[in-house]
Structures are given as structure tokens and as C-alpha cells.
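Okay, so here's the structure we're looking at.
Residues take their numbers from the sequence shown, with the count starting at 1.
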Amino acid sequence: MKKAGKWLCIFLPVAVLLIAAHPQAVKIHYADPTAGAHDVGYSYYTAPLEFGNLCPLTTILLAVVLVFLGAWTAFWENKFLRKMMLVTAIIAAAASLVNILYGSMTFLGTVITALLIGDAATLWYMAYR
């Protein structure tokens, strides 16, 4: 399980980065009095920042950090970095969950959060076993 866990710690954040590129990953509700209310989908990479929702950007940046640290610890085992990756994965999952408060969570956002929680569980197993 240890060897599979090393590669899973790289695969899950890469899957997050790929799914986040989908144009319907984040939903923003526009309420225009003349045109009516409508929802617009954005990817995590291009989600507008003017609404104050920095969570998609934070999630992506932390996923990139997880990919690099996962590649580093896959070749050179380091328990301290595994624990730091665990903290990073938990913060990234929490940042992804904040989209619920903004009303911009979609099914793909839920999948991204589930992948980050799965990564955190794998990292917990790898760090404390």
C-alpha cells in the first residue's frame, strides 16, 4: 500500500487540476434587473475575483504545491513533508468547501473537494503509518 500511496498522492492533485479546468466548475449567479437573473459557469482558473471569492484560486495554488511536494516525497521519503502535505491538503479541501457559502458550488466542485479529502486521507495514512 505504501508504494501505491506514493503515486496516489501525486495522481489525486493532478486530477484536481484537470477537473478544475472544466468551464462549469464554479457557478456565479448574476442578478441583472434589466436582463434578469442568470448563472454563468467558470473554471477554477478563470473564476472572477471581483466577487471576493478567492477560494478557487487558493484551491488551485495549493493543489500545485501538493503535486510538487508529492513528486518530491515519492522519490525521497520525508515524513515531515508528508505531514506538511497533509496540512496543505486539508486547507485546500476547506478552501474548496467555502464555495458552498458563496452559492457557487457545482457537482465538479464537489468532486474536487472529494479528491482533496481522499488525498488528505492517503497522506494521513502515509504520514502516520
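The local environment of OH in Tyr102 is crowded, with over 12 non-hydrogen atoms from other residues, nucleotides or ligands closer than 6.0 Å.
Partners of Ser43 according to the side chain to side chain donor-acceptor pair (under 3.5 Å) rule, which considers only residues two or more places apart in sequence or in another chain, are Thr46. Scanning for side chain to side chain donor-acceptor pair (under 3.5 Å) contacts around Asn99 gives Tyr44, Asn53, with sequence neighbours left out. For the side-chain contact (heavy atoms from CB on, under 4.5 Å) test, residues two or more places apart in sequence or in another chain that qualify with Ala93 are Leu116, Ile117.
Shown here for Leu123 and Cys9, the closest heavy-atom pair between the two residues is CD2-SG, 3.4 Å. What you find for Ala25 and Thr106 is that their closest heavy atoms are O-OG1, 2.6 Å.
Under the 4.5 Å side-chain contact rule for hydrophobic residues, Trp124 and Phe80 do not share a cluster. No path of Ile, Leu, Val, Met, Phe, Trp and Tyr side chains, each step under 4.5 Å between heavy atoms, connects Ile91 with Ile100, placing them in separate hydrophobic clusters. No single ILVMFWY cluster, assembled from side-chain heavy atoms under 4.5 Å apart, contains both Leu97 and Phe107. Residues Leu108 and Met105 fall into different hydrophobic clusters, defined by Ile, Leu, Val, Met, Phe, Trp and Tyr side chains chained together at heavy-atom separations under 4.5 Å. Leu18 and Val111 fall within a single hydrophobic cluster, where Ile, Leu, Val, Met, Phe, Trp and Tyr side chains are chained together by heavy-atom contacts under 4.5 Å.
Among residues at least two apart or in separate chains, there is no salt bridge (Lys or Arg N to Asp or Glu O under 4.0 Å) pair with a member in residues 94-113.
Summarising the geometry, atom CE belonging to Met126 is positioned 12.5 Å from atom CG belonging to Leu81; distances are rounded to the nearest 0.5 Å. Annotation: the span from Thr122 atom OG1 to Ile10 atom CD1 amounts to 12.0 Å, rounded to 0.5 Å.
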With a cut-off of 3.5 Å and sequence neighbours excluded, list every side-chain donor-acceptor pair involving residues 57-70.
residue: Thr58; atom: OG1; partner: Leu54; partner atom: O; Å: 2.8
residue: Thr59; atom: OG1; partner: Cys55; partner atom: O; Å: 2.8
residue: Thr59; atom: OG1; partner: Ser96; partner atom: N; Å: 3.4

Taking only distance into account, with no hydrogens and no angle test, what donor-acceptor pairs under 3.5 Å do side-chain atoms of residues 82-90 form with protein atoms, sequence neighbours excluded?
residue: Arg82; atom: NH1; partner: Thr73; partner atom: OG1; Å: 3.3
residue: Arg82; atom: NH2; partner: Thr73; partner atom: O; Å: 3.3
residue: Thr88; atom: OG1; partner: Met84; partner atom: O; Å: 2.8

Next item on the list: I would like to know whether Tyr45 and Leu17 meet side-chain contact (heavy atoms from CB on, under 4.5 Å); could you show each step before the answer?
Entry: CA-CA 9 Å; Tyr45 300 107; Leu17 293 174; 3.6 Å; yes
